[in-house]
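To start, the structure itself, in structure tokens.
A note on names: the letters A, B, ... follow the listed sequences, proteins ahead of strands, and every chain is numbered from 1.
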There are 2 protein chains.
Amino acid sequence: MPNQDHSIGCSVEHVLGMVSGKWKPIILFELFQETKRFSQLQQAIPNITRQVLTTQLRELEKDGLISRKVYPLVPPKVEYTITNLGRKFKGVLDQIEQIGESIVKKKTTLK
Amino acid sequence: MPNQDHSIGCSVEHVLGMVSGKWKPIILFELFQETKRFSQLQQAIPNITRQVLTTQLRELEKDGLISRKVYPLVPPKVEYTITNLGRKFKGVLDQIEQIGESIVKKKTTLK
DNA sequence: CGGCATCCCTTACGATACTG
DNA sequence: CAGTATCGTAAGGGATGCCG
């Protein structure tokens with residue numbers, strides 16, 4: 001059943017929600033570069049608490065955008081890697097970034 | 001000052017917020033097609049209350065994605081039109097829609 | 001090191017009733 | 001027709017403390 005109606009809008013809403021967390025775009029930008037440990041993400045993103053970082057990572061993992069690998073060591077070591085699905089969002093976020101720049105540019109031009 | 005740090009993530013977050021309202025993508029899809037009246041949007045989007053539709057439209061207008069034209073008539077007539085800035089989001093939303101489809105396809109393949 | 005449990009606060013969203 | 005005003009609820013995010 002091909003959808004012509006609002007199931008389209010519905011799926012868009014769902015996918016949009018996958019990257020709409022307050023810190024998710026930043027986390028993804030970090031992981032687009034390379035696989036990183038939890039502590040590396042904490043350092044790369046100051047102002048985020050462990051609790052919130054954990055939550056956002058869990059959601060990204062649940063939605064299949066990143067994968068989580070635990071090394072059974074003491075002390076613990078956990079690595080987060082972008083998945084193929086997660087990589088598909090790079091184009092989207094880059095476009096959004098460009099729109100952001102065009103808005104900033106327009107603002108400065110106005111003054 | 002060219003930004004290498006998180007002002008990038010910050011602007012992305014801001015732009016993302018512009019389209020992250022629960023109904024905003026749907027509203028934009030409607031207005032990508034053509035200028036529409038308030039009542040047309042209501043009919044096109046069942047399940048949305050007037051209050052919420054009004055709020056989302058006001059936010060889209062405030063962020064410059066749509067423009068609002070009031071015809072001083074009785075009964076009132078108000079038209080909403082996508083702006084140039086708003087049109088820039090078409091590519092983003094189309095990409096997101098494609099990702100959504102790829103996810104749905106993968107799910108059915110798994111079963 | 002990388003969590004989870006708990007509490008709090010703000011915001012988004014929604015239902016309903018009234019109005020120029 | 002196209003709103004505003006008011007109220008209620010739920011979710012997202014944040015601060016802090018404990019744990020294997």
Side-chain angles (χ1 to χ4, degrees), chain A residues 6 9-10 12-31 34-63 65-82, chain B residues 6 9-10 12-28 30-31 34-63 65-81:
Chain A
H6 290 106
C10 230
V12 169
E13 183 197 337
H14 179 238
V15 176
L16 207 47
M18 293 182 178
V19 291
S20 289
K22 178 166 179 183
W23 305 96
K24 287 180 186 176
I26 305 180
I27 294 173
L28 290 175
F29 274 122
E30 294 296 328
L31 296 183
E34 52 173 345
T35 292
K36 292 193 175 172
R37 298 184 55 173
F38 187 89
S39 50
Q40 287 181 289
L41 288 171
Q42 266 196 101
Q43 290 163 21
I45 313 171
N47 308 332
I48 193 173
T49 62
R50 265 168 308 159
Q51 166 69 301
V52 175
L53 180 53
T54 301
T55 307
Q56 306 266 308
L57 287 170
R58 286 291 178 284
E59 288 178 19
L60 288 171
E61 188 196 3
K62 164 177 154 291
D63 289 331
L65 277 69
I66 64 175
S67 70
R68 179 172 178 264
K69 179 165 188 182
V70 182
Y71 296 84
L73 303 175
V74 179
K77 173 177 171 180
V78 182
E79 280 185 349
Y80 292 91
T81 309
I82 198 85
Chain B
H6 291 107
C10 230
V12 169
E13 182 197 337
H14 179 236
V15 176
L16 207 46
M18 293 181 177
V19 291
S20 288
K22 179 166 179 184
W23 305 95
K24 287 181 187 176
I26 304 179
I27 294 173
L28 290 176
E30 293 297 327
L31 296 184
E34 51 173 346
T35 293
K36 291 191 176 173
R37 298 184 57 172
F38 188 89
S39 50
Q40 287 181 288
L41 288 171
Q42 267 196 102
Q43 290 163 21
I45 314 172
N47 308 332
I48 193 174
T49 61
R50 266 167 306 159
Q51 166 71 295
V52 174
L53 179 55
T54 302
T55 306
Q56 307 265 311
L57 287 170
R58 287 290 181 283
E59 288 179 19
L60 289 171
E61 187 195 5
K62 164 177 153 291
D63 289 330
L65 276 70
I66 64 175
S67 70
R68 178 170 177 267
K69 180 165 187 180
V70 182
Y71 296 84
L73 303 175
V74 179
K77 173 178 174 180
V78 182
E79 280 183 349
Y80 293 91
T81 308

For [X], report the nucleic acid contact type (base, sugar-phosphate, nothing); a contact means any heavy atom under 4.0 Å.
| X | answer |
| --- | --- |
| B:Tyr80 | sugar-phosphate |
| A:Gln42 | nothing |
| B:Gln56 | sugar-phosphate |

**Prompt:** With A:Tyr80, which of A:Arg37, A:Arg68, A:Gln40 fulfils side-chain contact (heavy atoms from CB on, under 4.5 Å)?
**Reply:** A:Arg68

Calculate the interatomic distance between [X] atom [atom1] and [N] atom [atom2]; express it in whole Å.
| X | N | atom1 | atom2 | value |
| --- | --- | --- | --- | --- |
| A:Gln51 | C:dC8 | CD | C1' | 13 Å |
| A:Lys69 | C:dG2 | NZ | P | 15 Å |
| A:Lys62 | D:dG12 | NZ | C1' | 14 Å |
| A:Leu41 | C:dG2 | CG | P | 9 Å |
| A:Asn47 | D:dG13 | CG | C1' | 13 Å |
| A:Leu73 | D:dG20 | CG | P | 19 Å |
| A:Glu61 | C:dC4 | CD | P | 10 Å |
| B:Ile48 | D:dG3 | CD1 | P | 13 Å |

Ignoring backbone atoms, test whether [X] places a side-chain nitrogen or oxygen under 4.0 Å from the OP1 or OP2 oxygen of [N].
| X | N | answer |
| --- | --- | --- |
| A:Arg58 | C:dG3 | yes |
| A:Arg37 | C:dG2 | yes |
| A:Arg68 | C:dG3 | yes |
| A:Trp23 | D:dG14 | yes |
| B:Lys22 | D:dA11 | no |
| B:Arg50 | D:dT4 | no |

**Prompt:** How many angstroms lie between CG in A:Leu60 and OG1 in A:Thr55, if you round to the nearest 0.5 Å?
**Reply:** 11.0 Å

**Request:** Please lay out, stage by stage, how B:Ile26 and B:Ile48 fare under the test side-chain contact (heavy atoms from CB on, under 4.5 Å).
**Result:** CA-CA 11 Å; B:Ile26 304 179; B:Ile48 193 174; over 6 Å; no

**Message:** Can you tell me which nucleotide in C:dG3, C:dG2, D:dT6 comes closest to the side chain of A:Thr54?
**Reply:** C:dG3

**Request:** State which of C:dA17, C:dG14, D:dG13 makes the closest approach to the side chain of B:Thr49.
**Result:** C:dG14

**Asked** Taking all non-hydrogen atoms of both residues, which atom of B:Asp63 and which atom of B:Met18 are closest, and how far apart?
**Response** OD2-CG, 3.7 Å

**Fill in**
Nearest heavy-atom approach of A:Pro25 to B:Val12 is CB-CG1, 3.8 Å

**Request:** Please figure out whether A:Pro76 or A:Val52 has its closest DNA chain D nucleotide nearer the 5' end.
**Result:** A:Val52

